[in-house]
Amino acid sequence: MKKNKMKSVFVGLTMVLALSACGGDSSSTSKSSTEKSTGSSIEANSGASAQEYTDPSKLKDEYDVVIVGAGGAGMAAALSAKDAGMNPVILEKLPVAGGNTLKSSGGMNASETKFQKEQKIEDSNQSFFDDTLKGGKGTNDQELLHYLVDHSASAIDWLDSMGITLDNISYSGGASQKRIHRPHDGGAVGTYLVDGLIKNIHEKEIPLFVNTDVVKINEKNGQVNGVTAKVNGEEKVISGKAVVVTTGGFGANEEMIEKYRPDLKGYVSTNSEGSTGDGIKMIESLGGAVVDMEQIQVHPTVVQETGMLISETVRGEGAILVNQQGERFYNELETRDNVSSAITALPEHYAYLIFDSELAKRAKQVDFYKEQGVVVEGKTIEELAGKIDVDAKTLENTVNTWNKSVESQSDTAFERKTAMDYDLTKGPFYAIKIAPGIHHTMGGVKINTDTQVEKEDGSVINGLYAAGEVTGGIHGQNRIGGNAVADIIVFGRQAGTQSAKFAEDPK
Ligand SMILES: Cc1cc2nc3c(=O)[nH]c(=O)nc-3n(C[C@H](O)[C@H](O)[C@H](O)COP(=O)(O)OP(=O)(O)OC[C@H]3O[C@@H](n4cnc5c(N)ncnc54)[C@H](O)[C@@H]3O)c2cc1C
């Protein structure tokens with residue numbers, strides 16, 4: 001939906017973060033015994049603790065592997081490169097690490113996991129593959145997709161081995177099984193994941209520099225050999241035997257959005273202000289190929305005034321969507337593009353998520369939404385209807401009909417088949433007004449399953465690796481909720497391993 005004078009909530013948030021970073025104690029000692037850190041505090045959706053970053057004066061001229069961008073993919077790559085015996089560095093342009101990963105709320109998709117087995121959820125890599133391919137309208141890069149699903153369970157194990165346990169499993173849109181893995185308490189995945197990754201980065205003494213804006217990837221004789229970064233307004237060359245680009249997507253770059261999708265000009269965005277497509281532009285200038293650049297995902301449930309995403313978890317736990325008449329109008333658990341189109345097709349172009357207090361307990365994110373003042377509460381459906389100016393009898397009828405559908409496990413109106421475990425009967429009841437917003441850029445640089453960056457002719461750029469939202473192809477024309485976090489962990493790890501291998505023996 002078009003924004004009026006709207007800005008992403010993260011812009012404001014990052015200003016707070018930047019201020020706190022500026023005011024941080026620059027002499028505080030990091031958990032690493034070898035590096036000093038500057039103190040910055042992270043405070044996002046919920047629960048993130050204070051974080052420390054490496055003192056800028058410790059930035060060296062050379063590392064084995066230079067990682068650009070400290071989101072989930074970058075940190076996963078750093079940890080894997082370190083495990084492979086290399087000496088990696090992470091360079092982050094913002095005053096805090098985390099990027100879009102910090103904002104991710106729903107969870108991480110994975111199949112055939114130990115947690116699914118423990119909870120008797122029958123799933124298979126083939127079903128995960130099929131759902132994703134269906135969601136992507138058959139256009140996904142199938143080799144990348146096979147790699148993703150086949151390595152998703154081991155990625156969950158890897159995270160668990162580092163104290164990042166995603167054992168609370170639910171449905172997400174477009175998934176035929178309970179597959180989205182979340183923190184034990186059902187809370188937002190992003191803050192928990194970023195906190196856990198940074199903790200491990202500290203423990204393994206991997207330097208992580210913030211306020212370090214990479215402006216160029218350097219190469220010599222067809223081989224990448226480091227980057228140029230702006231630090232405190234000055235350019236500095238940092239050499240590396242391999243470079244891993246994990247700069248995220250371009251969902252916050254209005255010019256790029258308009259270039260590839262003029263129809264989305266002016267839409268509100270849910271993205272971090274760091275999602276400006278830098279990595280894509282730097283790699284293109286080296287001759288790297290891009291794919292699917294026009295495939296930009298619009299998420300159906302975004303608060304228009306702030307750009308705040310209302311996680312798919314709310315629908316995954318059983319919420320319904322109603323129009324201004326108080327009627328359901330679509331299968332809420334359809335893929336994001338279809339649900340977005342259904343909302344846009346309403347005369348009012350917005351809708352309300354409706355849920356009860358039991359759902360609010362299961363989906364912890366709701367506490368944060370309440371704090372942000374976007375949740376309307378009514379002791380009864382009638383009271384709620386009055387507050388959102390919907391006809392009370394119609395809304396009561398809609399909720400009662402839905403509860404009967406849950407009881408009979410049959411939604412004759414819209415053939416919803418998933419997220420029908422719980423009815424909506426326990427007051428108080430809640431509504432959140434939402435409409436679609438820019439959420440994910442599915443296009444990006446072309447990589448192979450070793451995460452090497454490819455040129456148009458299929459050859460690779462020696463020493464250059466990329467992972468996460470900066471890459472394109474895996475999601476095809478529509479990303480399934482939960483697949484991006486799977487992507488960044490699976491391919492972030494792979495980028496760390498492969499870049500380490502290259503750095504050990506550059507050819
Ligand atoms: C609100 C929201 C909720 C989401 N929820 C989910 C979810 O529940 N499940 C799911 O699967 N997906 C979710 N997604 C999508 C998912 O979070 C992202 O696709 C994913 O986290 C991207 O990770 P990344 O590591 O590739 O990039 P990011 O996490 O965005 O990290 C990239 C980092 O690179 C930095 N950077 C950029 N340019 C430069 C430069 N020139 N120099 C140095 N650093 C640079 C950025 O500042 C940023 O910190 C959500 C996205 C949003 C916005």
Side-chain angles (χ1 to χ4, degrees), residues 8-10 13-14 44-45 66-77 90-110 166 170 172-173 179-182 188-194 197 208-217 227-231 244-253 269-282 297 299 301-303 306-313 316 336 365 437-442 444 466-471 474-475 479-489 491-492 495:
S8 156
V9 78
F10 202 64
L13 177 61
T14 306
N45 285 1
V66 176
I67 296 163
V68 188
M75 290 193 276
I90 314 176
L91 309 177
E92 166 59 49
K93 73 174 176 180
L94 294 182
V96 286
N100 269 354
T101 308
L102 190 61
K103 303 188 95 196
S104 63
S105 49
M108 166 174 164
N109 284 341
L166 301 176
S170 183
S172 75
R179 186 177 292 144
I180 193 159
H181 291 62
R182 311 177 296 178
V189 70
T191 47
Y192 177 70
L193 179 62
V194 168
L197 289 171
L208 194 177
F209 294 94
V210 293
N211 297 312
T212 306
D213 184 7
V214 174
V215 291
K216 189 167 175 268
I217 299 164
V227 301
T228 302
K230 265 198 189 150
V231 190
V244 180
V245 180
T246 49
T247 46
F250 60 95
N253 185 327
S269 171
T270 64
N271 279 208
S272 154
E273 66 169 311
S275 302
T276 45
D278 301 9
I280 296 172
K281 287 185 272 184
M282 290 189 283
Q297 181 166 75
H299 194 289
T301 57
V302 179
V303 176
T306 59
M308 182 166 70
L309 177 87
I310 304 300
S311 170
E312 209 149 76
T313 301
R336 290 174 175 177
Q365 292 91 330
I438 288 166
H439 184 52
H440 189 83
T441 49
M442 289 162 294
E469 201 174 333
V470 69
T471 68
I474 193 157
H475 306 296
R479 176 176 71 85
I480 299 284
N483 277 2
V485 173
D487 178 21
I488 63 176
I489 300 302
F491 285 102

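Whatever order the structure lists them in is the order used to number ligands and atoms, beginning at 1.
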Novice: Please state which part of T212 comes within less than 4.0 Å of ligand 1, counting heavy atoms only: side chain, backbone, both or neither.
Specialist: backbone

Novice: Of all residues at least two apart in sequence or in a different chain, which pass the side chain to side chain donor-acceptor pair (under 3.5 Å) check with S275?
Specialist: N100

Novice: Heavy atoms only, cut-off 4.0 Å: how does N100 contact ligand 1, side chain, backbone, both, or neither?
Specialist: both

Novice: Looking only at non-hydrogen atoms, which of G482, A73, G248 approaches atom 27 (O) of ligand 1 most closely?
Specialist: G248

Novice: In terms of residue, atom name and distance, what is the protein heavy atom nearest to atom 24 (P) of ligand 1?
Specialist: I488 CG2, 3.8 Å

Novice: Closest non-hydrogen protein atom to atom 11 (O) of ligand 1, residue and atom name please, with distance?
Specialist: V485 N, 2.7 Å

Novice: Looking only at protein heavy atoms, which one is nearest to atom 31 (O) of ligand 1, and what is the separation?
Specialist: G71 CA, 3.2 Å

Novice: What's the spacing between D213 CG and E92 CD if we round to 0.5 Å?
Specialist: 9.0 Å

Novice: If you have a sec, work out which protein heavy atom is nearest atom 42 (N) of ligand 1 and how many Å separate them, to one decimal?
Specialist: V214 N, 3.0 Å

Novice: Of all the atoms in ligand 1, which lie at a distance below 4.0 Å from a heavy atom belonging to R479?
Specialist: 10 (C), 11 (O), 12 (N), 13 (C), 14 (N), 15 (C)

Novice: Numbering the atoms of ligand 1 from 1, which are under 4.0 Å from a heavy atom of L94?
Specialist: 47 (O)

Novice: Tell me whether S272 reaches ligand 1 (any heavy atom closer than 4.0 angstrom to a ligand atom).
Specialist: no

Novice: Quick check on H299 - does any of its heavy atoms sit under 4.0 Å from an atom of ligand 1?
Specialist: no

Novice: Out of S104, G106, G107, whose heavy atom sits nearest atom 9 (N) of ligand 1?
Specialist: G107

Novice: Check this for me: does any side-chain nitrogen of one of K93 and D278 sit under 4.0 Å from a carboxylate oxygen of the other?
Specialist: yes

Novice: Please state which option from H439, H440, K103 has its nearest heavy atom closest to atom 50 (C) of ligand 1.
Specialist: H439

Novice: Any atom of ligand 1 sitting under 4.0 Å from a heavy atom of N109?
Specialist: no

Novice: Give the contacting part of T101 toward ligand 1: side chain, backbone, both or neither, where contact means a heavy-atom distance below 4.0 Å.
Specialist: both

Novice: Quick one: list whatever passes ring pair (Phe, Tyr, Trp, His ring centres under 6.0 Å) with H181, sequence neighbours left out.
Specialist: none

Novice: Please state which part of K281 comes within less than 4.0 Å of ligand 1, counting heavy atoms only: side chain, backbone, both or neither.
Specialist: neither

Novice: Judged on heavy-atom distance to atom 41 (N) of ligand 1, which of D278, L193, L197 sits nearest?
Specialist: D278

Novice: Between CG of N109 and CD1 of I480, what distance do you get to the nearest 0.5 Å?
Specialist: 8.0 Å

Novice: I need the contact type for L91 against ligand 1. Using non-hydrogen atoms and a strict under-4.0 Å cut-off, is it side chain, backbone, both or neither?
Specialist: backbone

Novice: Counting only N and O atoms by type, is there a donor-acceptor contact under 3.5 Å from the side chain of T212 to the main-chain atoms of L91?
Specialist: no

Novice: Given that the side chain starts at C-beta and the backbone is N, CA, C, O, which of these parts of L102 lies under 4.0 Å from ligand 1, counting heavy atoms, or is it both or neither?
Specialist: neither

Novice: Could you state the interatomic distance from NE2 (H475) to CE (M442), rounded to the nearest 0.5 Å?
Specialist: 8.5 Å

Novice: Run the numbers for me: atoms of ligand 1, each under 4.0 Å from some heavy atom of G98, listed by number.
Specialist: 29 (O)

Novice: Decide yes or no on side-chain hydrogen bond (donor to acceptor under 3.5 Å, both in side chains) for E469 and T441, but give the supporting numbers first.
Specialist: CA-CA 7 Å; E469 201 174 333; T441 49; 3.3 Å; yes

Novice: Counting only heavy atoms not in K230, do more than 12 fall under 6.0 Å of its NZ?
Specialist: no

Novice: Among all the protein's non-hydrogen atoms, which is closest to atom 49 (O) of ligand 1, and how far away is it?
Specialist: E92 OE1, 2.6 Å

